[in-house]
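Notes follow the structure.
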Number of protein chains: 2
Amino acid sequence: MKPEPLSRERIVAAAVDLIEREGADAVSMRRIATELGVGVMSLYNHVPNKSSLLDGVAESVMAQIEFHDDISAPWQEQVLAQARALRQIAMHYPRCTLVVLTRQLRTPAGLLPTERALATLKRAGFERDQAVSVLRAFVAYIVGCLLREVGVTSTFDPAGGGGSIAGSFDATLFPETADLYGWLATCDHEAEFEFGLRMLVEAAAVVPRAPSNTDEPQS
Amino acid sequence: MKPEPLSRERIVAAAVDLIEREGADAVSMRRIATELGVGVMSLYNHVPNKSSLLDGVAESVMAQIEFHDDISAPWQEQVLAQARALRQIAMHYPRCTLVVLTRQLRTPAGLLPTERALATLKRAGFERDQAVSVLRAFVAYIVGCLLREVGVTSTFDPAGGGGSIAGSFDATLFPETADLYGWLATCDHEAEFEFGLRMLVEAAAVVPRAPSNTDEPQS
DNA sequence: ACCTGAACACCGTTCAAGT
DNA sequence: ACCTGAACACCGTTCAAGT
């Protein structure tokens with residue numbers, strides 16, 4: 001009935017599944033073993049240790065990113081599309097997101113997003129050091145957004161989600177927070193993501209760069 | 001010789017200390033108890049559980065943020081100063097940073113940075129929803145930067161720090177990454193932080209906002 | 001009020017034994 | 001080659017017992 005042989009892929013898939021169902025804290029070698037109906041130690045025939053298993057989780061998720069950016073579109077559009085592709089996958093695996101962002105991968109799946117972004121920025125005419133700095137600014141922003149969206153960092157709701165409308169903080173100590181309570185208490189993640197992304201794209205567009213090739217490659 | 005009574009503060013301080021010395025993974029109730037020379041269960045007289053202890057760590061670090069921003073300076077300068085204050089504290093407690101950013105605090109120490117930033121943005125003339133969106137964009141960027149700086153997320157060095165100059169990735173598959181290897185392999189964290197910060201400040205400056213009070217408050 | 005040891009239900013991983 | 005149980009050195013937390 002269950003002759004399917006154990007393999008690294010099956011183990012990683014079980015881990016991704018478990019994380020999405022119960023959160024990253026639920027992941028343990030023993031738990032995944034029972035999930036797969038095998039002894040704990042059987043896992044170690046395919047995965048050297050837990051850390052490597054989590055690398056596998058990150059790799060598996062990263063490999064599913066789907067880039068749809070049009071190479072003939074203006075670079076601003078391409079950058080937006082690439083950023084949205086990252087967000088897509090994070091929305092698809094929200095509870096894996098912290099794990100994915102936390103393990104830096106030096107594998108094809110981990111390097112591909114960087115490669116594509118750098119190609120876009122160089123085609124846009126950015127000098128090499130500028131291309132890297134702009135990339136890093138975008139990635140920092142995207143990482144911060146995604147961690148907020150999946151609930152890892154704060155949305156600035158000053159009184160936990162389930163609290164009363166007035167909240168429990170001292171409104172006289174924090175008058176601005178109180179005044180803006182209505183906006184702080186809710187967060188349209190997609191709108192906020194797009195808002196900051198557009199700010200960065202606009203700012204990147206005015207970074208001085210080589211005039212030779214701006215939008216169209218012209219070799 | 002050690003009559004100093006146990007207290008929540010002493011426990012939290014020991015945790016902060018241990019995290020900075022050995023990393024967040026080293027923190028356990030048992031370890032901290034031995035660190036303080038008491039039985040494990042003694043801790044539970046002052047701290048309900050480990051999660052609350054980590055909240056204490058975050059609170060303790062946040063409470064040490066020192067804001068030096070000049071209320072009469074242009075809002076752009078104030079925003080920069082506030083962002084740098086956050087970075088300062090993260091640099092002072094690098095290994096606590098993930099813990100701090102990961103626990104959203106609804107306490108005075110946790111709300112103060114938000115309060116100050118919102119005051120600055122409102123004085124700059126941003127509408128209320130804009131002020132919140134701009135704040136969220138800045139915070140996302142800062143969170144992403146700090147996590148990179150403390151080693152949680154990737155700097156995009158395509159071949160781990162200790163690797164050979166050429167790296168171990170396939171240069172034909174990733175031509176741009178290979179071409180930019182020299183820039184990707186090193187990361188001047190302060191310079192990158194400032195670079196993206198300036199991009200965001202410039203972009204924020206052109207967000208359309210109420211014309212009534214721009215730089216000078218005019219009641 | 002504060003401290004504590006024993007106990008319970010967990011961890012990751014090593015090792016030696018099986019097939 | 002792959003699977004496995006026992007064992008070791010850890011976890012967080014409950015509970016009942018001490019002072």
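Each chain gets a letter, A, B and so on, in the order its sequence line appears, and its residues count up from 1. Since we're looking at a predicted model, the values are computed, not measured.
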| query | Out of D:dC2, D:dG5, C:dT4, which has the shortest distance to the side chain of A:Asn45? | reply |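 From the listed options, D:dC2 comes nearest.
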| field | Proximity to the side chain of A:Met41 - top-ranked nucleotide from D:dT13, D:dT14, D:dG5 | value |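 Nearest nucleotide to the side chain: D:dG5.
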| query | Under 3.5 Å, is there a donor-acceptor pair between the B:Arg103 and B:Ser51 side chains? | reply |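 Yes, side-chain donor-acceptor contact under 3.5 Å.
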| message | Under a 3.5 Å cutoff, is there a donor and acceptor pairing between the side chains of B:Thr153 and A:Gln104? | response |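 The criterion, which ignores hydrogens and geometry beyond distance, is not satisfied for A:Gln104 and B:Thr153.
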Starting from [atom2] on [N], measure out to [atom1] on [X] and report it in whole angstrom.
X	N	atom1	atom2	answer
A:Lys50	D:dC11	NZ	P	14 Å
A:Leu18	C:dC11	CG	C1'	14 Å
A:Arg31	C:dG12	CZ	P	12 Å
B:Leu36	C:dT4	CG	P	11 Å
A:Leu43	D:dC3	CG	P	9 Å
B:Asp25	C:dG12	CG	P	13 Å
A:Arg10	D:dC2	CZ	C1'	14 Å
B:Arg8	C:dC2	CZ	P	14 Å

| Dot-bracket notation for DNA chain D, counting Watson-Crick and G-U pairs under 3.5 Å, with | for partners on another strand | ||.|||||...|||||.||
| Side-chain N or O of A:Ser42 less than 4.0 angstrom from OP1 or OP2 on D:dT4? |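 Checking A:Ser42 against D:dT4: at least one side-chain N or O falls below 4.0 Å of OP1 or OP2.
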| query | Would one find a side-chain N or O of A:Tyr44 under 4.0 angstrom from OP1 or OP2 of C:dT13? | reply |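 Indeed, a polar side-chain atom of A:Tyr44 lies that close.
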| B:Arg30 or A:His46, whichever maps to the more 5' nucleotide of DNA chain D |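 It is A:His46 whose nearest nucleotide is closer to the 5' end.
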Looking at every strand, decide which applies to [X] at a 4.0 Å heavy-atom threshold: base, sugar-phosphate, or nothing.
X	result
B:Ser28	sugar-phosphate
A:Met29	sugar-phosphate
B:Val38	sugar-phosphate

| What orientation do A:Tyr181 and A:Phe169 show, parallel under 30°, tilted 30 to 60°, or perpendicular over 60°? |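 The rings of A:Tyr181 and A:Phe169 lie parallel, inter-plane angle below 30°.
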| query | Is it true that A:Glu192 and A:Arg148 have a side-chain N and a carboxylate O under 4.0 angstrom from each other? | reply |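 No salt bridge links A:Glu192 with A:Arg148.
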| field | Residues A:Glu35, A:Arg21: salt bridge by 4.0 Å N-O rule | value |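 Salt bridge flag = yes for A:Arg21 with A:Glu35.
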| Nearest heavy-atom neighbours spanning B:Val79 and B:Phe138 |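 In terms of heavy atoms, the two residues are closest at CG1-CE2, 3.6 Å.
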| said: Tell me whether A:Arg136 forms a cation-pi arrangement with B:Phe195, defined as NZ or CZ under 6.0 Å from the six-membered ring centre and within 45 degrees of its axis. | reply: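 The answer is no, since A:Arg136 fails at least one limit relative to B:Phe195.
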